[in-house]
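Here is the structure we will look at.
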Amino acid sequence: METGSRAIGSLEGGFDLATTLESGQTYLWRREDGRMYEGETGGSPWYYTVLPGTETATNEPEVLRVRQTDGEIEWVASTPNAYDRLSDLLRFEDDLDGIRGSLPDDRLVGRAFEAHRGMRLVRDPPFGCLISFICSAQMRVGRIHGMQTALAETYGETVRFDGEEYDAFPTPDAIASATEADLRELSLGYRAPYVRRTAGMVADGDADPTDAFGLDYEAARESLTRFVGVGQKVADCVLLFSLGYLEAVPLDTWIRTSIEEYYPDCERGTYAATSEAIRAQFGGEYAGYAQTYVFHHLRTGGEEA
DNA sequence: TAGATACCTTATAG
DNA sequence: ACTATAAGGTATC
């Protein structure tokens, strides 16, 4: 077990743990007080995630607990080098001020950044990210999160740490071994066969989300659509929230509405053409940061009268 | 290639 | 109480 703390004042543009984890870009963290998405971020709640155990010789899933207090973060972890792991998962290397400077200085983006200072993109484990965004179709964030929790509780390995039990995200094998009916029991609905078949592709070694690494953005997006239940939007989510393609802009209902109202010239009919236009509007390289700020800002009612 | 439709389930609005 | 609608879309025709 490793415990520690560290000042986060040196992170360019600041850091806000609660906003980062509750902004609908990751469904692989849980909040110990059970108040995820309620908007109550006071009291320095603990969050935790359980990472696939591929980094250690024992292959046991790694538990990582973290909270933010005044000017620092505090952690309790089952393995060493927790700060490095956090820095990777929560993109501490990103210079938020510099990124904002590369984005358009318009009212919507400006207000979104002012309202949620310190929100960072995440770098989720690829398989968990892939499954959770397949589940996201036509769902609200609270239910998407609930589905991932149900998957972990039902099919994930349980590990004991610091007197508590934690459920890892299921392996591809574990999900592929479930039946469609089993998964429908978890209220996955029509997503159940998508999740099962995609897990089977990964378990059988036919494809892996990390195969997209190294490809040009558009080729990477196309590559991910080979998974069942993955269209262009979910592919963009995996690229942005897991594989580090910060130019990816998932065109969800919120962003499509914002395009209608704020960037009508970017509406081009097809996903690919609209995507290209809005990425250019958002300055290219870090366009995905604008997407995530705008998404969270609109979803939490930030532009209501 | 572009357009229309079905799809699970739940929460919320009227 | 009951119905309509929408929720970070995708697959299929």
Side-chain angles (χ1 to χ4, degrees), chain A residues 19-29 36-39 108 112 116 119 121-122 124 128-151 154 178-201 207 209 221-242 245 248-261 267-276 278 282 287-304:
Chain A
T19 306
T20 297
L21 297 184
E22 299 195 42
S23 50
Q25 45 166 331
T26 174
Y27 299 97
L28 304 180
W29 289 79
M36 205 76 178
Y37 308 120
E38 291 181 21
L108 182 62
H116 308 290
M119 183 174 77
L121 281 170
V122 299
D124 270 351
C129 182
L130 178 65
I131 295 299
S132 54
F133 280 93
I134 289 173
C135 291
S136 76
Q138 300 289 104
M139 276 293 146
R140 297 171 194 249
V141 295
R143 289 201 54 212
I144 301 164
H145 188 263
M147 288 178 184
Q148 310 319 306
T149 301
L151 282 169
T154 309
T179 66
E180 178 183 329
D182 290 335
L183 296 175
R184 283 179 185 265
E185 286 293 307
L186 304 182
S187 296
L188 266 61
Y190 61 79
R191 304 156 196 80
Y194 300 165
V195 166
R196 197 185 76 81
R197 291 176 60 195
T198 285
M201 292 168 72
R221 191 179 67 191
E222 185 62 27
S223 164
L224 287 170
T225 63
R226 71 178 128 184
F227 293 104
V228 184
V230 178
Q232 314 224 67
K233 187 272 176 183
V234 170
D236 268 330
C237 290
V238 175
L239 290 176
L240 181 60
F241 303 134
S242 178
Y245 285 75
V249 175
L251 298 182
D252 56 73
T253 56
W254 293 97
I255 293 300
R256 285 182 178 278
T257 299
S258 76
I259 288 173
E260 279 181 38
E261 294 187 17
E267 177 50 57
R268 304 293 169 84
T270 69
Y271 188 101
T274 303
S275 167
E276 185 174 6
I278 195 65
F282 283 160
Y289 251 104
Q291 186 275 356
T292 299
Y293 269 89
V294 167
F295 170 83
H296 182 59
H297 187 57
L298 295 177
R299 198 186 64 76
T300 54
E303 287 299 305
E304 286 179 3

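Remember, predicted model here, so these are calculated numbers, not experimental data. Here is how names work: the chains are called A, B, and so on, in the same order as the sequence lines, proteins then strands, and each is numbered from 1.
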Taking only distance into account, with no hydrogens and no angle test, what donor-acceptor pairs under 3.5 Å do side-chain atoms of residues 142-149 of chain A form with protein atoms, sequence neighbours excluded?
{"unit_1": "A/H145", "atom_1": "NE2", "unit_2": "A/W29", "atom_2": "O", "d": "2.7"}
{"unit_1": "A/Q148", "atom_1": "NE2", "unit_2": "A/I144", "atom_2": "O", "d": "3.3"}
{"unit_1": "A/T149", "atom_1": "OG1", "unit_2": "A/H145", "atom_2": "O", "d": "3.0"}

Please list every donor-acceptor pair under 3.5 Å in which a side-chain atom of residues 186-196 of chain A meets a protein atom from a residue at least two apart or in another chain.
{"unit_1": "A/R191", "atom_1": "NE", "unit_2": "A/C135", "atom_2": "O", "d": "3.4"}
{"unit_1": "A/R191", "atom_1": "NE", "unit_2": "A/A137", "atom_2": "O", "d": "2.9"}
{"unit_1": "A/R191", "atom_1": "NH1", "unit_2": "A/L188", "atom_2": "O", "d": "2.9"}
{"unit_1": "A/R191", "atom_1": "NH2", "unit_2": "A/A137", "atom_2": "O", "d": "2.7"}

Note to self: In this structure, how many angstroms lie between the C1' atom of C/dG9 and the CG atom of A/L130, rounded?
What the structure shows: 14 Å
Next item on the list: Could I get the full list of side-chain contact (heavy atoms from CB on, under 4.5 Å) partners for A/T270, not counting sequence neighbours?
Entry: A/A272, A/A273
Checklist line | Residue whose nearest DNA chain C nucleotide is more 5′ - A/Q25 or A/T225 | finding: A/Q25
Next item on the list: Please state whether the rings of A/Y27 and A/Y37 are parallel, tilted or perpendicular, taking 30° and 60° as the class boundaries.
Entry: tilted
Check: A/E267 has an atom CD; how far is it from atom P of B/dA2, in whole Å?
Finding: 13 Å
Note to self: Taking the P atom in each of B/dC8 and C/dC2, what is the distance between them to the nearest angstrom?
What the structure shows: 25 Å
Next item on the list: Dot-bracket notation for DNA chain C is requested: 5' to 3', Watson-Crick or G-U wobble pairs only, both distances under 3.5 Å, with ( ), [ ], | and . as defined.
Entry: .||||||.|||||
Margin query: The criterion is ring pair (Phe, Tyr, Trp, His ring centres under 6.0 Å); which residues satisfy it with A/Y289, sequence neighbours excluded?
Written below: none
Margin query: I'd like the P distance from C/dA4 over to B/dA6, given in whole Å.
Written below: 15 Å
Checklist line | Ionic contact status for A/R256 with A/E260, cut-off 4.0 Å | finding: no
Check: Of A/R197 and A/D252, whose closest DNA chain C nucleotide lies nearer the 5' terminus?
Finding: A/D252
Notebook entry, point to check: Within this structure, what is the CZ-to-C1' distance between A/R226 and C/dA11, rounded to whole angstrom?
Noted result: 18 Å
Note to self: Nearest whole Å is fine: how far is B/dT12 C1' from A/R299 CZ?
What the structure shows: 15 Å
Dump every N/O contact between nucleotides 5-9 of chain B and the protein below 3.5 Å, one line per pair.
{"unit_1": "B/dC8", "atom_1": "OP1", "unit_2": "A/R184", "atom_2": "NH2", "d": "3.3"}
{"unit_1": "B/dC8", "atom_1": "O5'", "unit_2": "A/R184", "atom_2": "NH1", "d": "3.0"}
{"unit_1": "B/dC8", "atom_1": "O5'", "unit_2": "A/R184", "atom_2": "NH2", "d": "3.4"}
{"unit_1": "B/dC8", "atom_1": "O4'", "unit_2": "A/Y190", "atom_2": "N", "d": "3.1"}
{"unit_1": "B/dC8", "atom_1": "O2", "unit_2": "A/R191", "atom_2": "NH1", "d": "2.8"}
{"unit_1": "B/dC8", "atom_1": "N3", "unit_2": "A/R191", "atom_2": "NH2", "d": "3.4"}
{"unit_1": "B/dT9", "atom_1": "O2", "unit_2": "A/R143", "atom_2": "NH1", "d": "3.0"}

Check: How long is the line joining NZ of A/K233 and P of C/dA7, in whole Å?
Finding: 12 Å
Note to self: From CE of A/M147 over to P of B/dA11, roughly how many Å is that when rounded to an integer?
What the structure shows: 11 Å
Notebook entry, point to check: To the nearest Å, how far apart are A/Y271 OH and C/dA11 C1'?
Noted result: 16 Å
Next item on the list: Just call it for A/S23: base, sugar-phosphate, or nothing, with non-hydrogen atoms closer than 4.0 Å on any strand.
Entry: base
Check: For A/F133 and C/dA7, what is the distance between atoms CZ and P respectively, to the nearest whole Å?
Finding: 16 Å
Next item on the list: Only counting residues at least two apart or in another chain, list the ones meeting side-chain contact (heavy atoms from CB on, under 4.5 Å) with A/S258.
Entry: A/L108, A/I255, A/Y262, A/V294, A/L298
Next item on the list: Hey, could you give me each pair passing side chain to side chain donor-acceptor pair (under 3.5 Å) that has a residue in residues 221-240 of chain A? Not counting sequence neighbours.
Entry: A/Y217-A/R221, A/Y217-A/D236, A/R221-A/Q232, A/R221-A/S275, A/S223-A/R226, A/D236-A/Y271
Checklist line | Qualifying residues under ring pair (Phe, Tyr, Trp, His ring centres under 6.0 Å), relative to A/F227, sequence neighbours excluded | finding: none
